[in-house]
Amino acid sequence: MYQAAESSSWGGGNYHNIAATRRASSSSSDPLERVVRLASGSAVVIFSMSTCCMCHAVKRLFCGMGVHPTVYELDQDPKGKEMERALSRLLGNSPGVPVVFIGGKLIGAMDRVMASHINGTLVPLLKEAGALWL
């Protein structure tokens with residue numbers, strides 16, 4: 001349904017084939033270092049799986065707000081499983097995707113994003129990161 005490719009987009013967001021990104025930049029063998037490097041590359045970064053319904057929902061949330069996230073589809077990358085395990089460890093061994101970073105800072109999985117949205121702290125985070133101007 002969603003295809004990760006170097007220059008394609010989904011709802012205005014940027015999709016990246018992580019394997020192509022790795023070839024284009026200096027490669028890090030540590031999956032956690034790679035996650036941190038990719039997460040700090042854009043105002044909003046989502047680590048996702050192309051077949052995950054919760055990942056789809058979080059992408060729709062941001063696009064519906066007028067935010068254009070950079071999305072990394074881990075199932076499209078040969079080292080995606082290692083990155084998913086690193087993300088799971090960051091989240092305290094909870095499921096690895098979706099994981100959202102805003103302004104290079106870990107926000108968390110879908111539950112944390114939705115809690116921030118409901119309690120009114122998500123929009124200020126997006127504005128501070130430069131992802132939202134209104």
Side-chain angles (χ1 to χ4, degrees):
M1 188 167 170
Y2 306 114
Q3 188 105 17
E6 247 180 305
S7 296
S8 67
S9 67
W10 180 87
N14 297 315
Y15 268 75
H16 292 277
N17 181 321
I18 299 173
T21 302
R22 186 178 64 241
R23 286 190 303 269
S25 63
S26 62
S27 171
S28 172
S29 61
D30 179 32
L32 185 56
E33 286 179 22
R34 190 167 176 219
V35 164
V36 170
R37 181 173 40 82
L38 293 173
S40 63
S42 297
V44 178
V45 175
I46 302 172
F47 290 94
S48 174
M49 294 282 212
S50 61
T51 58
C52 168
C53 63
M54 296 305 278
C55 296
H56 173 77
V58 80
K59 291 181 273 193
R60 294 292 305 158
L61 171 69
F62 284 109
C63 290
M65 296 174 74
V67 173
H68 304 293
T70 298
V71 176
Y72 293 101
E73 299 290 1
L74 299 180
D75 56 336
Q76 304 290 323
D77 184 272
K79 293 192 177 192
K81 272 292 188 203
E82 295 170 17
M83 291 177 62
E84 184 179 7
R85 282 191 292 272
L87 288 163
S88 179
R89 285 192 305 271
L90 274 177
L91 296 172
N93 292 322
S94 66
V97 294
V99 179
V100 176
F101 289 80
I102 298 175
K105 298 175 192 168
L106 174 65
I107 300 305
M110 183 67 161
D111 59 338
R112 299 294 297 270
V113 172
M114 288 307 296
S116 296
H117 182 52
I118 291 167
N119 72 23
T121 59
L122 184 60
V123 169
L125 283 172
L126 293 168
K127 286 180 180 177
E128 182 181 319
L132 196 60
W133 294 278
L134 299 176

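All values reported here derive from a predicted model rather than from experimental measurement.
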How long is the span from the [atom1] atom in [X] to the [atom2] atom in [Y], to the nearest 0.5 Å?
X    : Y    : atom1 : atom2 : value
E82  : L32  : CD    : CG    : 12.0 Å
M49  : M54  : CE    : CE    : 15.0 Å
M114 : N119 : CE    : CG    : 11.0 Å
L38  : T70  : CG    : OG1   : 9.5 Å

List the atom of [X], the atom of [Y], and the distance in Å for their closest heavy-atom pair.
X    : Y    : answer
S40  : R37  : OG-O, 3.0 Å
G130 : A43  : C-CB, 4.4 Å
A39  : V45  : O-CG2, 3.5 Å
G108 : V113 : O-CG2, 4.1 Å
Q76  : S50  : NE2-OG, 3.6 Å
K59  : S48  : NZ-OG, 3.2 Å

If we only count heavy atoms from C-beta on, is the [X] to [Y] side-chain gap below 4.5 Å?
X    : Y   : result
L74  : L87 : yes
V123 : M65 : yes
L90  : V99 : no
P69  : C63 : yes
R34  : K79 : yes
D77  : E73 : no

Checklist entry - Under 30°, 30 to 60°, or over 60°: which ring-plane class applies to F47 and F101, parallel, tilted or perpendicular? => result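 Because their plane-to-plane angle is over 60°, the rings of F47 and F101 count as perpendicular.
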Checklist entry - Does K81 come within less than 4.0 Å of E84, counting only side-chain N to carboxylate O? => result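 Result for this pair is yes, salt bridge flagged.
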Checklist entry - Which is it for V44 and L132 under the side-chain contact (heavy atoms from CB on, under 4.5 Å) test, yes or no, and what are the steps along the way? => result CA-CA 10 Å; V44 178; L132 196 60; over 6 Å; no
Item to check | side-chain contact (heavy atoms from CB on, under 4.5 Å) assessment of V67 paired with L61 | outcome: CA-CA 9 Å; V67 173; L61 171 69; over 6 Å; no
Checklist entry - Who pairs with F62 by ring pair (Phe, Tyr, Trp, His ring centres under 6.0 Å), at least two apart in sequence or on another chain? => result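 Ring pair (Phe, Tyr, Trp, His ring centres under 6.0 Å) list for F62, sorted by chain: empty.
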Checklist entry - Step by step, would you call K105 with L125 a side-chain contact (heavy atoms from CB on, under 4.5 Å)? => result CA-CA 10 Å; K105 298 175 192 168; L125 283 172; 5.9 Å; no
